[in-house]
Amino acid sequence: QVQLVESGGGLVQAGGSLRLSCAASGLTSSSYAMGWFRQAPGKQREFVAAISWSGGSTIVADSVKGRFTISRDNAKNTVSLQMNSLKPEDTAVYYCAADHDLVELRKSPDYWGQGTQVAVSS
């Protein structure tokens with residue numbers, strides 16, 4: 001059974017930083033692309049960032065480019081999202097996701113976490 005468990009969410013002031021982590025278990029191999037999505041109240045879930053299984057390729061949404069960085073540690077089966085210069089519009093529930101393919105992950109990931117709340121105050 002695949003499980004993705006997010007942690008690190010919380011309340012932060014605008015301009016601050018947070019680091020989200022996602023621990024994966026039950027994946028039969030490390031050859032999974034992993035990524036992050038977010039859903040703000042009243043809005044559709046949107047793609048944030050993704051990283052290939054090797055870590056050699058990353059994709060970052062334009063809305064967070066230059067502020068958010070995705071990384072992974074395959075030895076620990078974790079993926080992280082470092083979020084800097086946070087803005088009130090970054091407020092959302094952030095979801096970890098995994099898929100065999102980096103491109104497919106952006107469309108319809110195979111697996112989802114339960115989400116962690118990030119709130120940015122102005």
Report task. Please tell me if the side chains of Met83 and Val12 come closer than 4.5 Å, counting only heavy atoms from C-beta onward. Result -> no
Query raised in the report: Sub-3.5 Å donor-acceptor pair from the side chain of Glu104 to the main-chain atoms of Ser108, do we have one?
Result: no
Requested in this report: Inspect the contact between Asp90 and Lys87 and indicate whether a charged nitrogen and a carboxylate oxygen are less than 4.0 angstrom apart.
Outcome: no
Report summary line: Tightest non-hydrogen contact, residues Ser85 and Arg67, listed as O-NH1, 3.0 Å
Requested in this report: Using atom types as modelled and distance alone, determine if a side-chain donor or acceptor of Glu46 lies under 3.5 Å from a backbone N or O of Arg38.
Outcome: no
**Report entry** Gap between atom CG of Leu81 and atom OG1 of Thr116 - 0.5 Å precision
**Finding:** 11.0 Å
Query raised in the report: If you look at every heavy atom in Leu86 and Leu18, which pair is closest and at what distance?
Result: CD1-N, 3.8 Å
Report task. Evaluate the side-chain proximity of Phe68 to Trp36: yes if any heavy-atom separation is below 4.5 Å, no if none is. Result -> no
Query raised in the report: So which heavy atom on Gly35 is nearest to which on Ile70, and how close?
Result: CA-CD1, 4.0 Å
**Report entry** Spacing of OG belonging to Ser52 relative to CE belonging to Met34, to within rounding of 0.5 Å
**Finding:** 12.0 Å
Report task. Using a 4.5 Å cut-off on heavy atoms from C-beta on, say whether the side chain of Ser71 contacts that of Gln82. Result -> no
Query raised in the report: Gln117 versus Leu11: any side-chain heavy-atom pair under 4.5 Å?
Result: no
Report task. Supply the atom-to-atom distance Arg72 CZ to Thr58 OG1, rounded to the nearest 0.5 angstrom. Result -> 12.0 Å
Query raised in the report: Is the backbone N or O of Val5 less than 3.5 Å from a side-chain atom of Gln114, with the two atoms forming a donor-acceptor pair by type?
Result: no
**Report entry** Nearest heavy-atom neighbours spanning Ser122 and Ala14
**Finding:** CA-CB, 4.3 Å
Requested in this report: Work out which heavy atom in Asp101 is nearest to a heavy atom in Val103; give both atom names and the distance.
Outcome: OD2-N, 3.0 Å
**Report entry** Cluster companions of Val93 among Ile, Leu, Val, Met, Phe, Trp, Tyr (side-chain spacing under 4.5 Å)
**Finding:** Phe37, Phe47, Ile59, Tyr95, Leu102, Leu105, Trp112
Query raised in the report: Does the Asn74 side chain pair with the main chain of Trp53, one donor and one acceptor, at a distance under 3.5 Å?
Result: yes
Query raised in the report: Looking at side-chain heavy atoms only, is the closest gap between Leu27 and Asn77 below 4.5 Å?
Result: no
Requested in this report: Take Leu20 and Glu6 through the test side-chain contact (heavy atoms from CB on, under 4.5 Å) and record every step on the way to the result.
Outcome: CA-CA 7 Å; Leu20 304 183; Glu6 301 94 338; over 6 Å; no
Report task. Could you check if a side-chain atom of Thr78 sits within less than 4.5 angstrom of a side-chain atom of Ser21, using non-hydrogen atoms only? Result -> no
